[in-house]
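Reminder, nothing fancy here: chain letters follow the sequence lines and each chain counts from 1.
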Number of protein chains: 2
Amino acid sequence: MAKDLSLVLLLDCYGELLTERQRDIAEMYFNEDLSLTEIAETRGITRQAVRDSIRHSEQTLLETEEKLGMAERIIGMRDCLEKIMQHCGDADTEIAQLAREGLLLL
Amino acid sequence: MAKDLSLVLLLDCYGELLTERQRDIAEMYFNEDLSLTEIAETRGITRQAVRDSIRHSEQTLLETEEKLGMAERIIGMRDCLEKIMQHCGDADTEIAQLAREGLLLL
């Protein structure tokens with residue numbers, strides 16, 4: 001089961017739409033980078049139950065992104081603000097500060 | 001029933017989570033600014049059915065924002081990009097162009 005890095009962003013955007021149990025397992029898997037076996041041992045459940053939970057969460061996150069497209073908007077905004085930062089170069093102008101504040105919101 | 005303008009943004013963010021019928025009615029009410037009576041006549045349903053549908057949609061949209069907070073992030077980003085535009089003034093610099101592009105994503 002290959003971990004998809006973009007699911008980290010989807011989990012950040014839509015994690016609250018998962019059940020508490022699904023989110024708990026998905027966070028260990030995607031954010032803390034634990035293996036299926038490690039999560040199974042930590043939570044006292046089977047490796048298969050962990051795998052099923054993650055598959056189900058992935059499906060919910062991907063379907064929600066297909067409907068709402070918020071992660072795509074955030075990636076576009078991040079790209080835009082990073083380019084503004086690059087244009088500012090080393091100068092710590094007010095524009096650079098604003099762009100940095102914007103990036104913290106993403 | 002007072003129309004809440006911020007619901008226009010919530011409908012933009014999360015409208016796809018409503019049923020097609022709910023979204024249809026909510027768009028007429030919040031985006032096209034039709035009255036309950038006008039919507040009822042257009043769709044051949046009672047004024048009460050329109051009101052119930054809008055109440056239900058409002059609840060879904062508000063609950064989703066409470067969970068995900070995407071509209072708040074978008075308002076913060078918009079504020080940030082508008083301030084960057086103000087700093088650019090009349091000069092059509094690359095930074096101003098990037099900020100304009102960013103605003104189009106929101």
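Annotation: side chain of Leu81(A) is in contact with side chain of Leu81(B) (closest heavy-atom distance under 4.5 Å).
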Across chain A and chain B, going purely by atom type as modelled, what donor-acceptor pairs are there at a distance under 3.5 Å?
{"residue": "Asp12(B)", "atom": "OD2", "partner": "Arg73(A)", "partner atom": "NH2", "Å": "3.3"}
{"residue": "Arg73(B)", "atom": "NE", "partner": "Leu105(A)", "partner atom": "O", "Å": "3.0"}
{"residue": "Arg73(B)", "atom": "NH2", "partner": "Asp12(A)", "partner atom": "OD2", "Å": "3.4"}
{"residue": "His87(B)", "atom": "NE2", "partner": "Glu94(A)", "partner atom": "OE1", "Å": "3.3"}
{"residue": "Glu94(B)", "atom": "OE1", "partner": "His87(A)", "partner atom": "NE2", "Å": "3.3"}
{"residue": "Leu105(B)", "atom": "O", "partner": "Arg73(A)", "partner atom": "NE", "Å": "3.0"}

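Proximity to chain B is limited to the side chain of Met70(A), based on heavy atoms less than 4.5 angstrom apart. Interface remark: Leu103(A) contributes no atoms to any contact with chain B (heavy atom separation under 4.5 Å).
Contact detail for Cys80(B) and Gly102(A): the closest heavy-atom pair is SG-CA, 3.7 Å. Closest heavy-atom contact between Cys88(B) and Ile95(A): SG-CD1, 4.1 Å.
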